[in-house]
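Convention: sequence-line order gives letters A, B, ...; per-chain numbering from 1.
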2 protein chains.
Amino acid sequence: MDKGETCPIVEAIREVGNENDLLVIRFLSDGSLGFNEMLRMAGTMSPKTLSNTLKRLQEKGIIVRNIVSTQPFRVVYSLTQKGMDLKIVLNDLKAWGSKWLMSSNPYSLTDNR
Amino acid sequence: MDKGETCPIVEAIREVGNENDLLVIRFLSDGSLGFNEMLRMAGTMSPKTLSNTLKRLQEKGIIVRNIVSTQPFRVVYSLTQKGMDLKIVLNDLKAWGSKWLMSSNPYSLTDNR
DNA sequence: CGGTATCCTATGGGATACTG
DNA sequence: CAGTATCCCATAGGATACCG
């Protein structure tokens with residue numbers, strides 16, 4: 001491999017290899033969500049951090065912000081095509097996590113390396 | 001989806017959704033490497049950070065450290081099966097990165113969303 | 001609801017020098 | 001080569017309160 005600067009994997013890691021980014025992408029992978037909905041899902045993530053993450057992802061063109069109604073005020077975030085194209089990654093992470101991380105799974109005892 | 005705590009995707013993100021971890025996994029995805037080799041690949045990563053990352057990944061059982069020879073002293077790191085099972089994720093990231101991130105690609109102009 | 005503002009702390013991480 | 005030690009700083013990020 002080359003030194004990394006022009007490697008698409010490394011580029012991709014630098015673009016979405018961030019825990020908060022990945023979490024938000026995962027939240028939106030099943031459909032659009034509002035700010036507080038995600039905040040609740042995010043466990044310990046603070047509104048400031050979520051806000052920053054959402055801005056970053058918008059700038060990267062991975063999510064879009066949509067004002068659904070003004071009375072009452074309602075906003076939803078959703079994945080763009082660029083974001084949806086990451087679903088396959090999430091899917092593989094799901095398989096990997098199921099195999100290696102869940103304590104109650106058929107692999108963890110027998111296939112532990 | 002549930003609130004995240006027991007979701008395998010979220011678990012996986014918390015396990016390997018870290019830029020440095022992902023970078024090292026990518027470096028090792030083509031074969032074993034020594035400390036300084038990775039340091040050179042990592043661009044700006046400092047020895048301290050690389051060292052911490054390697055320790056984290058060993059504790060997670062994603063990589064192993066192997067002393068190849070003592071005279072001269074030579075160590076290599078390699079992926080475990082758990083680590084190798086992440087190659088599919090890297091592969092997807094490669095496809096995604098090629099499609100959406102590389103400036104000179106057939107998609108970026110025409111398929112920009 | 002959908003955020004922003006402020007405060008404060010931890011810690012991640014670079015640079016560099018050094019050791020076995 | 002394979003790291004460890006030290007220093008030093010930026011900034012990520014939690015908690016909380018508040019605003020339109």
Side-chain angles (χ1 to χ4, degrees), chain A residues 3-5 10 13-28 31-60 62-80 83, chain B residues 3-5 10 13-28 31-60 62-80 83:
Chain A
K3 291 296 177 280
E5 294 74 13
V10 173
I13 289 172
R14 300 224 144 100
E15 178 98 349
V16 292
N18 169 281
E19 190 167 310
N20 289 328
D21 287 13
L22 284 170
L23 284 174
V24 166
I25 292 166
R26 190 268 171 275
F27 295 153
L28 294 178
S32 305
L33 291 172
F35 190 88
N36 287 307
E37 285 177 293
M38 286 189 270
L39 203 54
R40 263 172 262 125
M41 287 176 166
T44 176
M45 203 190 302
S46 72
K48 175 181 140 192
T49 302
L50 177 59
S51 178
N52 288 340
T53 303
L54 292 172
K55 275 196 187 104
R56 251 200 324 275
L57 289 173
Q58 285 178 77
E59 284 165 8
K60 292 173 181 170
I62 290 172
I63 66 172
V64 276
R65 180 181 187 267
N66 239 292
I67 300 177
V68 172
S69 75
T70 49
Q71 259 335 310
F73 192 39
R74 169 79 180 153
V75 170
V76 291
Y77 293 87
S78 8
L79 296 179
T80 61
Chain B
K3 291 295 178 279
E5 293 75 14
V10 173
I13 289 172
R14 300 223 143 101
E15 179 98 350
V16 292
N18 169 283
E19 190 166 311
N20 288 329
D21 287 12
L22 285 170
L23 284 175
V24 166
I25 293 165
R26 191 267 171 274
F27 295 154
L28 295 176
S32 305
L33 290 172
F35 190 87
N36 287 307
E37 284 176 294
M38 285 189 271
L39 204 53
R40 261 172 263 125
M41 286 177 166
T44 176
M45 203 189 303
S46 74
K48 175 181 142 192
T49 301
L50 177 59
S51 178
N52 289 339
T53 304
L54 292 172
K55 275 196 188 101
R56 250 199 327 273
L57 289 174
Q58 284 178 78
E59 285 164 9
K60 291 174 182 170
I62 290 171
I63 66 172
V64 277
R65 178 183 188 267
N66 240 290
I67 300 178
V68 172
S69 76
T70 48
Q71 262 332 314
F73 193 39
R74 168 78 181 156
V75 170
V76 290
Y77 293 87
S78 7
L79 296 180
T80 61

Asker: Among A:D21, A:V24, A:I25, find the residue that satisfies the side-chain contact (heavy atoms from CB on, under 4.5 Å) test when tested with A:I62.
Answerer: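 Only one of A:D21, A:V24, A:I25 forms a side-chain contact (heavy atoms from CB on, under 4.5 Å) with A:I62, namely A:I25.
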
Asker: Report the distance from atom CG of A:L39 to atom C1' of D:dA17, rounded to the nearest whole Å.
Answerer: 14 Å

Asker: Between A:Y77 and B:N18, which has a closest nucleotide on DNA chain C that is more 5'?
Answerer: A:Y77

Asker: Measure from CD on B:E37 to C1' on D:dG3 and round the result to the nearest Å.
Answerer: 15 Å

Asker: CZ of A:F35 versus C1' of D:dC18: gap in Å, rounded?
Answerer: 14 Å

Asker: OP1 or OP2 of D:dG3 sitting under 4.0 Å from any side-chain N/O of B:R74?
Answerer: no

Asker: Please report, rounded to the nearest Å, how far the P atom of C:dG3 is from the CE atom of A:M38.
Answerer: 8 Å

Asker: Please report, rounded to the nearest Å, how far the P atom of C:dG2 is from the CG atom of A:L50.
Answerer: 11 Å

Asker: Do you know the tightest heavy-atom contact between A:S32 and A:V76?
Answerer: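 What the structure gives for the nearest pair is CB-CB, 4.0 Å.
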
Asker: Whole Å only: how far is the CZ atom of B:F73 from the C1' atom of C:dT19?
Answerer: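 About 13 Å, once rounded to whole Å.
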
Asker: Judged by each residue's nearest nucleotide on DNA chain D, which is more toward the 5′ side, B:V75 or A:N52?
Answerer: B:V75

Asker: When you measure from the side-chain N and O atoms of A:K55 to the phosphate of C:dG2, is any distance below 4.0 Å, counting only OP1 and OP2?
Answerer: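 No.
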
Asker: With heavy atoms under 4.0 Å as the rule, sort B:R56 into base, sugar-phosphate or nothing.
Answerer: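 The residue B:R56 makes no contact with any strand.
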
Asker: To the nearest Å, how far apart are A:M45 CE and D:dT16 P?
Answerer: 17 Å

Asker: Between A:N20 and D:dA12, does any side-chain N or O lie under 4.0 Å from OP1 or OP2?
Answerer: no

Asker: OP1 or OP2 of C:dC1 sitting under 4.0 Å from any side-chain N/O of A:R40?
Answerer: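 Checking C:dC1 against A:R40, a side-chain N or O does come within under 4.0 Å of OP1 or OP2.
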
Asker: For A:P72, answer base if it contacts any base atom (sugar-phosphate contacts may also be present), sugar-phosphate if it contacts only those atoms, and nothing otherwise; contact means non-hydrogen atoms under 4.0 Å.
Answerer: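 No contact.
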
Asker: Counting just side-chain N and O atoms, does A:S51 come under 4.0 Å of either OP1 or OP2 of C:dG3?
Answerer: no

Asker: Give the minimum heavy-atom separation between B:M45 and B:L39, together with the two atoms involved.
Answerer: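 For B:M45 versus B:L39, the nearest heavy atoms are O-CD1, 3.4 Å.
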
Asker: Compare side-chain N and O positions of A:T49 against OP1 and OP2 of D:dG14 and report whether any pair is under 4.0 Å apart.
Answerer: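 It does, given that an N or O in the side chain of A:T49 lies less than 4.0 Å from OP1 or OP2 of D:dG14.
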
Asker: Expressed as a whole number of angstroms, how long is the span from A:N36:CG to D:dC18:P?
Answerer: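 Rounded to whole Å, this separation is 18 Å.
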
Asker: Return yes if some donor-acceptor pair links the side-chain N/O of B:N18 with the main-chain N/O of B:N20 below 3.5 Å, else return no.
Answerer: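 Flag set: sc B:N18 to bb B:N20 pair under 3.5 Å.
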
Asker: Base of C:dG12, side chain of B:K48 - is there a donor-acceptor contact under 3.5 Å?
Answerer: no

Asker: Between D:dA2 and B:R65, is there an OP1 or OP2 to side-chain N/O distance shorter than 4.0 Å?
Answerer: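 It does not, given that no N or O in the side chain of B:R65 lies less than 4.0 Å from OP1 or OP2 of D:dA2.
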
Asker: Checking B:R26 against B:E19 for the salt bridge (Lys or Arg N to Asp or Glu O under 4.0 Å) test, could you report, in this order, the C-alpha distance in whole Å, the side-chain angles of both residues, the deciding distance, and whether it holds?
Answerer: CA-CA 10 Å; B:R26 191 267 171 274; B:E19 190 166 311; over 6 Å; no

